[in-house]
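All residue numbers in this chain count up from 1 along the given sequence. This is a predicted model, so every value here is computed, not measured.
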Amino acid sequence: MDPGQRNCRACGAMTGLLLSGFFAACGGDDPVSPAPPPPPPTTTTLSGAITQSMELDPDLTYHIQGTTIVEAGATLTIPAGTLLLGDVNFTGSALIVRQGGRLVARGTAQEPIVFTSSNPEGSRRRGDWGGVVLNGRSNCNFPSDECVGEGNSGPYGGTITDDDSGQLSYVRIEHGGLEVSFGNELNGLTLNGVGSGTQLDHIQSHYGSDDGIELLGGTVDLKYAYVTGASDDSFDYSTGWQGRGQFWAAQQDPHDADNGFEVDGNEENFDAEPFTDPDIYNVTLVGKEAGTGSAGESKRGIIFRRGTAGSVYNVVILGFEKGFDVDQQETAARVQIRNSYVFGQEDGMFESDDGDESDAPIDEEALWSTDGWGNVAGVDPLLVNPFNLGMPDFRPAAGSPLTDGYAEPPAGGDFFEAVDYIGAFAPGMPQWIEGWTTTDQG
């Protein structure tokens with residue numbers, strides 16, 4: 001027998017020896033390759049208490065299952081492009097940051113961070129999950145034991161006005177808001193007592209239940225904020241918020257919405273301090289086009305009440321049942337709205353306020369027309385296409401009056417940008433909502 005044949009018989013008898021050199025010597029086939037490793041996971045969960053700092057992986061999709069809490073001392077970092085799904089199979093799914101915790105979510109215009117519902121695209125609805133809550137240690141004008149967030153989101157408030165709860169930049173929060181019990185609700189984004197050390201810019205709250213963005217106390221600043229399709233108020237601020245705002249826009253659902261701005265002091269004590277007293281520049285509030293939508297929706301462009309203070313400049317109020325409303329004499333003595341337009345209201349530009357036994361009526365039209373405030377009523381601001389739900393264009397069109405009579409924000413600071421127009425969008429320039437926001441309703 002040929003020596004090579006004897007060697008091959010020997011190799012065939014040696015079960016399990018997959019030595020490529022030996023097989024090659026026998027003249028046989030290459031050994032069977034081992035099975036490839038399983039692919040890495042594409043989804044994972046985020047749940048329970050986060051007690052140590054952690055950074056998420058943008059290549060994974062995270063299911064927020066139940067009430068997920070970033071505890072004091074921990075920082076949750078979310079890289080650009082990360083997708084997080086509020087899991088509809090778990091009651092009360094929400095991301096809540098406790099006092100002393102931090103959420104750092106830095107997206108980009110090309111890769112926003114998206115919080116949305118775990119339901120399939122096309123089947124997502126308002127209130128599928130609870131949204132995002134930040135609790136800080138800044139202002140609250142209720143007693144400290146009463147500064148507790150709705151939706152079991154925990155305590156907030158204090159005296160650390162520069163408190164740092166992290167950063168949200170280029171972030172979308174979709175189909176959030178959740179009714180825990182009657183009158184006890186979470187919003188798309190809830191900011192409770194958040195301090196000025198926190199950075200908030202380029203945020204969209206989209207088709208949420210209850211309010212789009214709510215600020216309860218605090219001193220945080222908010223810039224480039226966009227609310228679309230909120231079922232209650234687009235922007236709601238109260239309880240002693242004293243931050244700054246610039247470039248805010250809202251487009252409301254013509255069939256399900258409340259106010260553009262709902263602004264309060266302290267509902268139990270209209271003289272409670274610190275007053276709600278922000279400075280806000282360049283806002284566009286769009287309700288519904290005349291003759292469309294459902295009756296009773298998009299009630300007021302702005303309502304100030306319950307002793308709030310604050311100054312708002314360069315606002316466009318377009319297409320609400322009523323444009324402007326002020327309740328209580330304490331409120332009328334403290335608020336200012338200047339260099340602003342109100343137009344296209346279905347039931348009159350100003351609320352008729354008859355007052356009651358304890359409070360004299362407010363003449364909103366006279367307040368709006370205060371000498372030196374520079375407001376305009378009944379003149380079309382000529383926005384390009386503000387009511388289009390799929391491709392809105394909120395910029396002033398050719399011939400728009402919004403390029404005259406504007407208020408210049410304070411110069412020399414680190415927050416406000418110089419403008420030469422009224423409203424949230426510059427004429428002839430790309431809209432700052434382009435590229436990172438959505439118009440999908442399901």
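Rounding to the nearest 0.5 Å places CG of Asp253 at 10.0 Å from OG of Ser234. Rounding to the nearest 0.5 angstrom, the gap separating the OG1 atom in Thr308 from the CD1 atom in Ile303 is 11.0 Å. Note: Leu222 CG to Gln246 CD = 11.0 Å, rounded to the nearest 0.5 Å. The structure places CZ of Arg306 at 11.0 Å from OG1 of Thr276, a figure rounded to the nearest 0.5 Å. Once rounded to the nearest 0.5 Å, the distance linking NZ of Lys288 with CG of Leu389 reads 13.0 Å. Taken to the nearest 0.5 Å, the CD atom of Glu214 stands 4.0 Å off from the CG atom of Asp236.
Side chains of His255 and Ser294: a donor-acceptor N/O pair is present below 3.5 angstrom, by distance only. Thr228 and Gln204 form a side-chain donor-acceptor contact under 3.5 Å, judged by distance and modelled atom types alone. Using modelled atom types and a 3.5 Å distance limit, the side chains of Thr116 and His175 yield no donor-acceptor pair. Between the side chains of Asp264 and Ser238, not a single donor N or O lies within less than 3.5 Å of an accepting N or O.
The 12-atom threshold is exceeded at CD of Glu417, counting heavy atoms of other residues, nucleotides or ligands nearer than 6.0 Å. At most 12 heavy atoms of other shown residues, nucleotides or ligands fall within 6.0 angstrom of atom CD in Gln52.
Residues satisfying the salt bridge (charged side-chain N to carboxylate O under 4.0 Å, His left out) criterion with Lys299, sequence neighbours excluded, are absent altogether. Tyr62 meets the side chain to side chain donor-acceptor pair (under 3.5 Å) test with no other residue; sequence neighbours excluded.
The cationic group of Lys223 lies under 6.0 Å from the six-membered ring centre of Phe415 and within 45° of the ring axis, placing it in a cation-pi geometry.
In this structure, Ser196 and Val220 have side chains that are not in contact, with every pair of non-hydrogen atoms separated by 4.5 Å or more. By the 4.5 Å heavy-atom criterion applied to side chains, Pro112 and Arg172 are counted as neighbours. Side-chain contact between Leu76 and Met54 is present, with heavy atoms from C-beta onward closer than 4.5 Å. Looking at Val312 and Val335, their side chains never come closer than 4.5 Å, going by heavy atoms from C-beta outward. Side-chain contact between Pro392 and Thr439 is present, with at least one heavy-atom pair separated by less than 4.5 Å. Residues Arg300 and Glu262 have side chains not in contact (no heavy-atom distance under 4.5 Å, counting atoms from C-beta outward). Here the side chains of Val194 and Tyr156 are not in contact, with every heavy-atom distance at 4.5 Å or above. Pro79 places a side-chain heavy atom less than 4.5 Å from the side chain of Leu56.
Aromatic ring centroids of Phe261 and Phe235 lie under 6.0 Å apart.
Checking side-chain atoms of Glu346 against main-chain N and O of Gly291 turns up a donor-acceptor pair under 3.5 Å. Proximity of a side-chain donor or acceptor of Gln329 to a complementary backbone N or O of Pro361 within less than 3.5 Å is detected. With hydrogens and angles disregarded, no donor-acceptor distance shorter than 3.5 Å links the side chain of Thr198 to the backbone of Gln167. Here the side chain of Glu351 pairs no donor or acceptor atom with the backbone of Val326 at under 3.5 angstrom. A donor-acceptor pair under 3.5 Å is absent between the side-chain atoms of Asp233 and the main chain of Asp211, judged by distance alone. A donor-acceptor pair under 3.5 Å is formed between the side chain of Ser369 and the backbone N or O of Glu365. Checking side-chain atoms of Asp210 against main-chain N and O of Ala230 turns up no donor-acceptor pair under 3.5 Å. Looking only at distances, a side-chain donor or acceptor of Asn135 sits under 3.5 Å from a matching main-chain atom of Ser153. For the pair Asn187 (side chain) and Leu189 (backbone), a donor-acceptor distance under 3.5 Å is absent. Judged purely by atom type and a 3.5 angstrom limit, Ser209 has no side-chain atom pairing as donor or acceptor with the backbone of Arg126.
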Q: Begin with the C-alpha distance, continue with both residues' side-chain angles, and end with the deciding distance and a verdict on side chain to side chain contact (heavy atoms under 4.5 Å, CB included) for Ile64 and Leu85.
A: CA-CA 6 Å; Ile64 300 172; Leu85 306 178; over 6 Å; no

(Q) As a quick check of understanding, evaluate side-chain hydrogen bond (donor to acceptor under 3.5 Å, both in side chains) for Thr219 and Ser138, giving each step before the final call. (A) CA-CA 6 Å; Thr219 44; Ser138 186; 2.8 Å; yes

Q) Can Arg244 and Asp221 be said to form a salt bridge (Lys or Arg N to Asp or Glu O under 4.0 Å), step by step? A) CA-CA 5 Å; Arg244 299 171 294 181; Asp221 300 328; 2.7 Å; yes

(Q) Go through it in stages, so that I can follow the logic: the residues are Arg305 and Gln328, the test is side chain to side chain contact (heavy atoms under 4.5 Å, CB included), and I'd like the CA-CA distance, side-chain angles, deciding distance and then a yes or no. (A) CA-CA 6 Å; Arg305 63 185 184 182; Gln328 293 90 39; 3.5 Å; yes

(Q) Assess the residue pair Asp347 and Gln345 against the criterion (side-chain hydrogen bond (donor to acceptor under 3.5 Å, both in side chains)); give the C-alpha distance rounded to whole Å, side-chain angles, the decisive distance to 0.1 Å, and a yes or no. (A) CA-CA 6 Å; Asp347 194 24; Gln345 318 315 314; over 6 Å; no

Q: Please report the C-alpha distance between Ser340 and Ile422 in whole Å, then the side-chain angles of each, then the deciding distance to 0.1 Å, and finally whether the side chain to side chain contact (heavy atoms under 4.5 Å, CB included) criterion is met.
A: CA-CA 7 Å; Ser340 298; Ile422 295 169; 5.6 Å; no

Q: Check the pair Thr239 / Asn192 against side chain to side chain contact (heavy atoms under 4.5 Å, CB included), numbers first and verdict last.
A: CA-CA 9 Å; Thr239 322; Asn192 292 326; over 6 Å; no

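In this pair, Trp129 and Phe115 present their aromatic rings parallel. The plane angle is below 30°, not in the 30 to 60° band. Ring geometry for His202 versus Tyr170: interplanar angle under 30°, hence parallel rather than tilted (30 to 60°). Relative orientation of the Trp241 and Tyr237 rings is perpendicular, given thresholds of 30° and 60° on the angle between their planes.
Of the candidates Asp162, Asp164, Asp163, Asp163 is the only one forming a salt bridge (charged side-chain N to carboxylate O under 4.0 Å, His left out) with Arg137. Between Val315 and the options Asn375, Val342, Asn339, Ile302, a side chain to side chain contact (heavy atoms under 4.5 Å, CB included) holds for only Ile302. Just one residue in the list Trp432, Phe247, Phe425 forms a ring pair (Phe, Tyr, Trp, His ring centres under 6.0 Å) with Phe394, and that residue is Phe425.
The two residues Trp368 and Trp373 come nearest to each other via the heavy atoms O-CE3, 4.3 Å. Between Phe90 and Gly66 the shortest heavy-atom distance is CB-N, 3.4 Å. Contact between Gly157 and Cys140 at its shortest, heavy atoms only, is CA-CB, 4.1 Å. The shortest non-hydrogen separation linking Ala80 to Glu111 is CB-O, 3.5 Å. Across Asp87 and Gln65, no two heavy atoms sit closer than the pair OD2-NE2, 3.2 Å. A pairwise comparison of heavy atoms in Ser205 and Ile213 identifies CB-CG1, 4.1 Å as the closest pair.
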